[in-house]
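Accompanying notes for the structure given below.
All values below were derived from every heavy atom in this structure, side-chain atoms included, with hydrogens, water molecules and symmetry-related copies excluded.
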Amino acid sequence: NQQCCHEYCAGGCTDSEDTDCVSCRYYENDGRCVRKCPEEKIYDPVTATEVINPKFKVSFRHKCLKECPNNYPRTSRGNCVKRCGAGQQNIDGVCRDCMGPCPKSCTGILPSSRNIQDHVVTAENINDFVGCTTVLNNVVIDRRTFVGDVESKPLDSIDELDKLKDIRNINGFLIIDSADYEEFRSFNYLRNLEQIQGQQLEFLKSFEPGIALRVSTNKYLESLNLRNLNSISAGNALIKRNSKLCYVQKFMFTRLLNSKNTQSVQFEENGNSTTCKNYGQVCHEECVNPPGSDSEHIGCWGAGDQLCMDCKSYWKHRQCVKQCNLGKEFIIESNKTCVECHSECEFGGCSGPTNADCKNGCMNVLDHTRCVAQCPSVKY
């Protein structure tokens with residue numbers, strides 16, 4: 001009797017088994033044609049969790065392999081690809097979702113000499129910073145950024161500075177100087193900046209060995225909003241002659257320095273504390289100074305409960321709050337943080353972030369000790 005080829009065969013066969021195919025419709029795994037390659041994780045009905053599959057293989061050109069060929073990362077589904085998709089990056093050969101914008105470097109502002117005065121952010125180069133997470137050189141903003149001169153075109157709008165928003169790291173220095181533009185009241189545009197490396201420094205005769213951060217002579221600047229800045233690796237900081245600059249205190253910059261022996265902070269002639277208070281430009285009531293601060297004044301990066309250095313009560317998504325919602329959140333006491341319960345937990349609280357930490361039942365069904373959306377195929 002004539003028999004049909006196995007359903008996973010393509011191009012004919014010598015017999016009816018999945019090992020008898022001339023070629024495979026889907027994938028070939030150890031001489032057999034299969035619908036899909038062994039997945040990375042499999043369900044363990046005893047623990048009701050997914051565990052690593054010892055037989056896991058990746059798929060590449062209709063074959064199941066133990067690993068992808070060189071220079072081919074794999075996706076979360078185990079497919080070998082030439083490059084990771086949008087919003088992903090290659091980490092140790094695996095395509096993983098980027099936390100925020102994917103890493104991208106840009107040249108930034110190049111100094112023409114030891115003095116930076118010839119190069120600033122303008123309309124000609126602002127688009128170079130779009131999506132940039134690491135600036136290989138410097139970021140410099142001054143009056144020419146807003147009004148231009150014979151050699152540079154000003155920004156069409158101050159909102160164009162928001163193209164700096166993805167910057168996490170500046171390898172060189174950051175200068176905000178003499179930006180006497182009335183709309184320039186906050187530097188929220190660098191709100192995601194985390195580190196200034198100081199690999200290049202601005203040199204001023206009065207402040208050796210060099211400056212990594214200078215905010216000076218900005219007539220209308222009221223707040224810096226550098227909420228994520230956590231390090232100045234090399235070079236000094238100069239915050240001076242910003243007559244309306246409120247909220248910030250000297251200790252906030254001192255604690256960013258990598259070495260107190262070789263780096264220093266000048267903090268002078270900024271907003272008067274009495275004037276700032278009279279105008280209501282003071283830190284939110286939930287803000288406190290971090291432990292170890294010797295300042296008599298509360299410091300923060302700007303107005304509101306999302307720009308505090310530390311919280312009087314609790315942190316919640318970078319916001320200071322008086323209390324956590326214990327029906328939907330739990331508290332990490334070590335850092336005073338409110339964390340949301342797993343989405344499968346019924347209202348009533350939890351003791352941790354996973355679906356095994358629910359206190360008051362499940363939104364849907366209970367699988368062993370875990371709340372899940374539905375029963376796995378091997379259970380009912």
(message) Can you confirm whether K316 sits close enough to E329 that some side-chain heavy atom of one is under 4.5 Å from a side-chain heavy atom of the other?
(response) yes
Distance check, rounded to the nearest 0.5 Å: [X] atom [atom1] versus [Y] atom [atom2]?
{"X": "H297", "Y": "C283", "atom1": "NE2", "atom2": "SG", "answer": "11.0 Å"}
{"X": "C300", "Y": "R227", "atom1": "SG", "atom2": "CZ", "answer": "11.5 Å"}
{"X": "S313", "Y": "K336", "atom1": "OG", "atom2": "NZ", "answer": "7.0 Å"}
{"X": "D162", "Y": "S157", "atom1": "CG", "atom2": "OG", "answer": "10.0 Å"}
{"X": "Y189", "Y": "N225", "atom1": "OH", "atom2": "CG", "answer": "9.5 Å"}
{"X": "Q200", "Y": "I109", "atom1": "CD", "atom2": "CD1", "answer": "11.0 Å"}

(message) According to a hydrophobic-cluster definition based on side-chain heavy atoms being under 4.5 Å apart (Ile, Leu, Val, Met, Phe, Trp, Tyr only), do I170 and I175 belong together?
(response) yes
No-hydrogen, no-angle side-chain donor-acceptor test under 3.5 Å, [X] and [Y]:
{"X": "R83", "Y": "N90", "result": "no"}
{"X": "N192", "Y": "K165", "result": "no"}
{"X": "D44", "Y": "T49", "result": "no"}
{"X": "S152", "Y": "D149", "result": "yes"}
{"X": "E17", "Y": "T19", "result": "no"}
{"X": "Q88", "Y": "D97", "result": "yes"}
{"X": "N169", "Y": "N171", "result": "yes"}
{"X": "Q374", "Y": "N364", "result": "no"}
{"X": "N335", "Y": "T337", "result": "yes"}
{"X": "N79", "Y": "S59", "result": "yes"}

Heavy-atom pair with the smallest gap, counting every atom of [X] and [Y]:
{"X": "N137", "Y": "T107", "result": "ND2-O, 2.8 Å"}
{"X": "P154", "Y": "G148", "result": "CB-N, 3.5 Å"}
{"X": "Y314", "Y": "Q323", "result": "CD1-CA, 3.8 Å"}
{"X": "E39", "Y": "F56", "result": "C-CD1, 3.3 Å"}

Once you find the SG atom in [X] and the one in [Y], is the distance between them below 2.5 Å?
{"X": "C33", "Y": "C9", "result": "no"}
{"X": "C320", "Y": "C308", "result": "no"}
{"X": "C21", "Y": "C5", "result": "no"}
{"X": "C350", "Y": "C358", "result": "no"}
{"X": "C98", "Y": "C102", "result": "yes"}

For [X], give me all partners under salt bridge (Lys or Arg N to Asp or Glu O under 4.0 Å), at least two apart in sequence or on another chain.
{"X": "R77", "result": "none"}
{"X": "R96", "result": "none"}
{"X": "K240", "result": "E268"}

(message) Apply side-chain hydrogen bond (donor to acceptor under 3.5 Å, both in side chains) to residues D166 and T133 and explain how you reach the verdict.
(response) CA-CA 5 Å; D166 291 328; T133 58; over 6 Å; no
(request) For K153 and E124, run salt bridge (Lys or Arg N to Asp or Glu O under 4.0 Å): C-alpha distance rounded to whole Å, both residues' side-chain angles, the deciding distance at 0.1 Å, then the answer. (result) CA-CA 7 Å; K153 180 183 176 182; E124 284 90 351; over 6 Å; no
(message) Strictly distance-based, threshold 3.5 Å: is any side-chain N or O of N242 a donor or acceptor partner for the main-chain N or O of N218?
(response) yes
(message) For a side-chain hydrogen bond (donor to acceptor under 3.5 Å, both in side chains) check, start with the C-alpha distance between N228 and R168, then their side-chain angles and the critical distance, and finish with the verdict.
(response) CA-CA 9 Å; N228 287 303; R168 265 63 174 173; over 6 Å; no
(message) Quick one, C345 with C371, criterion disulfide (SG to SG under 2.5 Å). Give me CA distance, side-chain angles, the key distance, then yes/no.
(response) CA-CA 7 Å; C345 292; C371 292; 5.5 Å; no
(message) Below 30° counts as parallel, above 60° as perpendicular, anything between as tilted: where do the rings of F253 and W301 land?
(response)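 Taking W301 first and then F253, their aromatic rings stand perpendicular (interplane angle over 60°).
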(request) Using a strict 4.0 Å threshold on nitrogen-to-oxygen distance, state whether R185 and E222 make a salt bridge. (result) yes
(request) For the pair D18 and R32, find out whether any cationic side-chain nitrogen is under 4.0 Å from an anionic carboxylate oxygen. (result)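 Yes, D18 and R32 are salt-bridged.
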Under 3.5 Å, sequence neighbours excluded: what are the donor-acceptor pairs made by side chains of residues 60-70?
| unit_1 | atom_1 | unit_2 | atom_2 | d |
| --- | --- | --- | --- | --- |
| H62 | ND1 | Y26 | O | 2.7 |
| K63 | NZ | E28 | OE1 | 3.3 |

(request) Quick one: which residue pairs count as a salt bridge (Lys or Arg N to Asp or Glu O under 4.0 Å) with a foot in residues 360-373, not counting sequence neighbours? (result) D367-K379
(request) Would you sort out whether D305 and Q319 count as a side-chain hydrogen bond (donor to acceptor under 3.5 Å, both in side chains), showing the intermediate values? (result) CA-CA 6 Å; D305 55 11; Q319 177 184 6; 3.0 Å; yes
(request) Just grab all the ring pair (Phe, Tyr, Trp, His ring centres under 6.0 Å) pairs involving residues 341-380, residues at least two apart or on different chains. (result)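 Of all non-adjacent pairs touching residues 341-380, none passes ring pair (Phe, Tyr, Trp, His ring centres under 6.0 Å).
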